[in-house]
Visitor: 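My questions all concern the structure below.
Computation of the quantities below employed the complete heavy-atom set of this structure, encompassing side-chain atoms and omitting hydrogens, waters and symmetry-equivalent molecules. So that the names make sense, note that chain A is the first sequence line, chain B the second, and so on, each numbered from 1.
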Amino acid sequence: MSIEFSRVLDQIPPSGIRKFFDLVIGSKDIISLGVGEPDFVTPWGIREEAIATLEQGATSYTANAGLLECREEIVRYLKERFNLSYNAKTETMLTVGVSEGVDITMRALLNPGDEVIIPEPGYVCYHPLVTLAGGVPITLDTSANHFIPDPKELEKIITPRTKALVLCSPNNPTGVVIPKETLEAIAALSKKYKFWVITDEIYAELNYEGYTSYASLPDVKDRTVLLSGFSKAFAMTGWRLGYICGPEALVSRTLKIHQYSALCAPIIAQYAAIEALKHNLKAVEEMRKSYLLRRNFFVKKLNEAGLPTPMPSGAFYTFSSIKHTGLSSEEFALNLLKKERVAVVPGNAFGVCAEGYIRCCYATDMDQLKEAVLRIKRFIKGLK
Amino acid sequence: MTKHEQEVLSLLKNNARISVEDIADSIGVTTATAKKLVKKLENDHTIIRYTTVINEDKMNAECGKVKALIEVRVRPEKSRGFTGIAKRIARHPNVIDHYLISGQYDFLLIVEGKNLEEISRFVSEKLASIENVQSTATHFIMKTYKEKSVLIDADDELERLAIQP
Ligand SMILES: Cc1ncc(COP(=O)(O)O)c(C=O)c1O
């Protein structure tokens with residue numbers, strides 16, 4: 001027997017933020033701006049429904065694709081909120097978070113050597129999951145274009161092997177929302193060069209200046225995979241529920257993987273999601289408003305503290321340049337944590353193109369944000 | 001009400017001590033504008049008073065205070081309906097909140113007193129003696145679970161991971 005492990009796996013570098021875990025664990029009085037989730041717990045109505053469902057004995061598997069009622073609610077919600085049209089039966093399936101959605105979409109689409117273009121800075125899971133699926137991740141640097149994928153730059157790196165492009169808007173880590181005109185230009189390229197667009201819209205509800213879903217553009221449906229879920233909008237990160245919407249040819253294939261690798265998404269989460277979509281959109285709006293106020297406050301304070309920070313139009317992250325400090329993003333984050341006990345995520349966790357930046361999450365108490373900014377300001381002064 | 005006014009109220013409702021500067025930064029206006037917005041809401045009595053949510057069980061145990069909820073049935077007056085009687089009752093310093101309600105009773109009062117006797121005395125001497133008050137039902141409050149949307153004695157929050165991508 002060979003003791004060698006998967007070579008593809010070992011080719012993926014370890015997560016850059018592991019060392020931060022060790023530093024943060026067990027330490028008190030740390031202000032964490034390093035989280036990636038809401039500071040709200042799931043609205044009570046949703047939790048209560050889950051408890052009631054559990055009491056009734058909903059403890060079984062569901063259909064592989066998920067409860068039809070849940071998928072029908074999702075379809076209705078997507079139509080109402082984002083003007084999207086899907087057939088609940090054939091064009092949707094539930095996943096264990098968007099994370100699984102990304103994984104099985106890549107595995108359903110890619111053949112060895114197929115290229116997937118990933119805009120950077122970007123969320124951490126796309127690169128490794130493309131690699132694991134046998135594909136080749138190709139980076140599209142957005143840092144020179146206000147972190148918006150530039151269709152001209154995109155066209156330059158398209159090759160005959162280009163299989164798909166990943167979009168994430170609103171973006172983690174930058175908070176950027178891709179404007180409609182850019183989406184349209186990308187749609188034209190997708191048509192011309194025949195590649196898929198995988199659009200991760202997990203932060204769609206958390207937009208502050210309007211939002212267009214890529215999947216809502218005319219004539220894109222048969223080459224578009226919409227990934228979204230309940231984690232961020234409904235403050236349901238721990239429930240592990242997401243969904244894939246796309247043409248039947250794609251969804252039937254992702255479902256084929258899912259039936260073996262996950263069997264189904266958690267049943268309690270599915271019932272909770274029905275309740276969420278039916279009766280809790282108001283709670284989503286309240287949370288959105290609360291993030292909005294904190295965004296305005298925090299961005300102003302960061303700029304005053306000496307960290308140039310553009311106003312993000314979605315999600316709950318700020319993305320600040322630290323280039324003028326002369327430190328790498330990792331040095332900055334580590335020293336800030338050690339000296340001032342403020343945890344942020346160094347840009348380099350989100351790709352090489354994100355070096356020179358740090359990501360802060362403002363889904364935290366206003367007093368904490370205030371104190372964090374004081375500490376960051378003192379830290380930057382101390383560098384000079 | 002404008003969007004900014006709503007935002008000001010939501011900030012103040014959550015923290016009555018938030019500074020005008022922080023309000024301004026949060027809603028994206030100048031400090032002068034924020035000041036004006038607050039003044040306007042104060043002047044038109046949308047903001048009535050700045051107060052504090054207190055764990056009353058704690059305070060009352062130490063200061064000796066009890067609270068009761070009193071339902072009151074009244075016969076409305078010909079000319080003024082409930083208003084005249086309501087004003088007489090609401091003025092009483094023991095009365096903390098006073099509502100006109102639907103159902104079996106007409107008024108719901110929340111009343112505070114030094115001890116049970118003081119509240120009993122209020123009911124028998126002040127309240128029941130008012131002409132047109134037909135009957136009352138007094139419920140003493142024994143424990144507070146939630147006050148002004150705040151859970152009292154809430155369990156400690158579970159911690160989130162401090163660093164996540
Ligand atoms: C852009 C993006 N996509 C996907 C995920 C994963 O979400 P889920 O909880 O649905 O797996 C996250 C979580 O941080 C994210 O930021």
Visitor: Distance only, no hydrogens: is a donor on one side chain within 3.5 Å (strictly under) of an acceptor on the other, for B/Asn94 and B/Glu118?
Guide: yes
Visitor: Contact part of A/Pro38 toward chain B, heavy-atom cut-off under 4.5 Å: side chain, backbone, both or neither?
Guide: backbone
Visitor: At a 4.5 Å cut-off on heavy atoms, which part of A/Phe298 comes close to chain B: side chain, backbone, both, or neither?
Guide: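 For A/Phe298, neither part sits under 4.5 Å from chain B.
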Visitor: I want to know whether A/Phe319 and A/Phe147 have ring centres closer than 6.0 Å.
Guide: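 Centroid separation for A/Phe319 and A/Phe147: below 6.0 Å.
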Visitor: Chain B heavy atoms under 4.5 Å from A/Val299: which part of the residue, side chain, backbone, both or neither?
Guide: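 No part of A/Val299 comes within 4.5 Å of chain B.
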Visitor: Compare every heavy atom of B/Leu108 with every heavy atom of B/Leu69, then report the nearest pair and how far apart it is.
Guide: CD2-CD1, 3.1 Å
Visitor: Can you list the donor-acceptor atom pairs spanning chain B and chain A that come in under 3.5 angstrom?
Guide:
{"from": "B/Asp22", "atom 1": "OD2", "to": "A/Lys370", "atom 2": "NZ", "distance (Å)": "2.2"}
{"from": "B/Asp25", "atom 1": "O", "to": "A/Phe297", "atom 2": "N", "distance (Å)": "3.4"}
{"from": "B/Asp25", "atom 1": "OD1", "to": "A/Lys300", "atom 2": "NZ", "distance (Å)": "2.7"}
{"from": "B/Asp25", "atom 1": "OD2", "to": "A/Lys301", "atom 2": "NZ", "distance (Å)": "3.2"}
{"from": "B/Ser26", "atom 1": "O", "to": "A/Asn296", "atom 2": "ND2", "distance (Å)": "2.7"}
{"from": "B/Arg160", "atom 1": "NH1", "to": "A/Glu37", "atom 2": "O", "distance (Å)": "3.0"}
{"from": "B/Arg160", "atom 1": "NH1", "to": "A/Pro38", "atom 2": "O", "distance (Å)": "3.1"}
{"from": "B/Arg160", "atom 1": "NH1", "to": "A/Ala363", "atom 2": "O", "distance (Å)": "3.4"}
{"from": "B/Arg160", "atom 1": "NH2", "to": "A/Ala363", "atom 2": "O", "distance (Å)": "3.2"}
{"from": "B/Ala162", "atom 1": "O", "to": "A/Ser32", "atom 2": "OG", "distance (Å)": "2.4"}
{"from": "B/Gln164", "atom 1": "N", "to": "A/Gly34", "atom 2": "O", "distance (Å)": "2.8"}
{"from": "B/Gln164", "atom 1": "O", "to": "A/Arg359", "atom 2": "NH2", "distance (Å)": "2.8"}
{"from": "B/Pro165", "atom 1": "O", "to": "A/Asn172", "atom 2": "ND2", "distance (Å)": "3.0"}
{"from": "B/Pro165", "atom 1": "O", "to": "A/Arg359", "atom 2": "NH1", "distance (Å)": "2.8"}

Visitor: Just verifying a value: how many Å separate A/Ile322 CD1 and A/Ile376 CD1, rounded to the nearest 0.5 Å?
Guide: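 Here the interatomic distance stands at 11.5 Å.
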Visitor: Closer than 4.0 angstrom, basic N to acidic O: yes or no for B/Glu147 and B/Lys67?
Guide: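 Result for this pair is yes, salt bridge flagged.
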Visitor: Under 4.5 Å heavy-atom distance to chain B, tell me which part of A/Val35 shows up: side chain, backbone, both or neither.
Guide: both
Visitor: Taking all non-hydrogen atoms of both residues into account, name the closest pair between B/Thr144 and B/Ile152 and its distance.
Guide: O-CB, 3.8 Å
Visitor: Does the side-chain contact (heavy atoms from CB on, under 4.5 Å) test come out yes or no for B/Ile101 and B/Phe107, once each step is laid out?
Guide: CA-CA 6 Å; B/Ile101 56 174; B/Phe107 292 151; 5.9 Å; no
Visitor: Is B/Ile23 close to chain A through its backbone or its side chain, or both, or neither, when contacts mean heavy atoms under 4.5 Å?
Guide: neither
Visitor: Please step through side-chain contact (heavy atoms from CB on, under 4.5 Å) for the pair B/Leu12 and B/Leu41, ending with a clear verdict.
Guide: CA-CA 11 Å; B/Leu12 281 169; B/Leu41 290 164; 5.8 Å; no
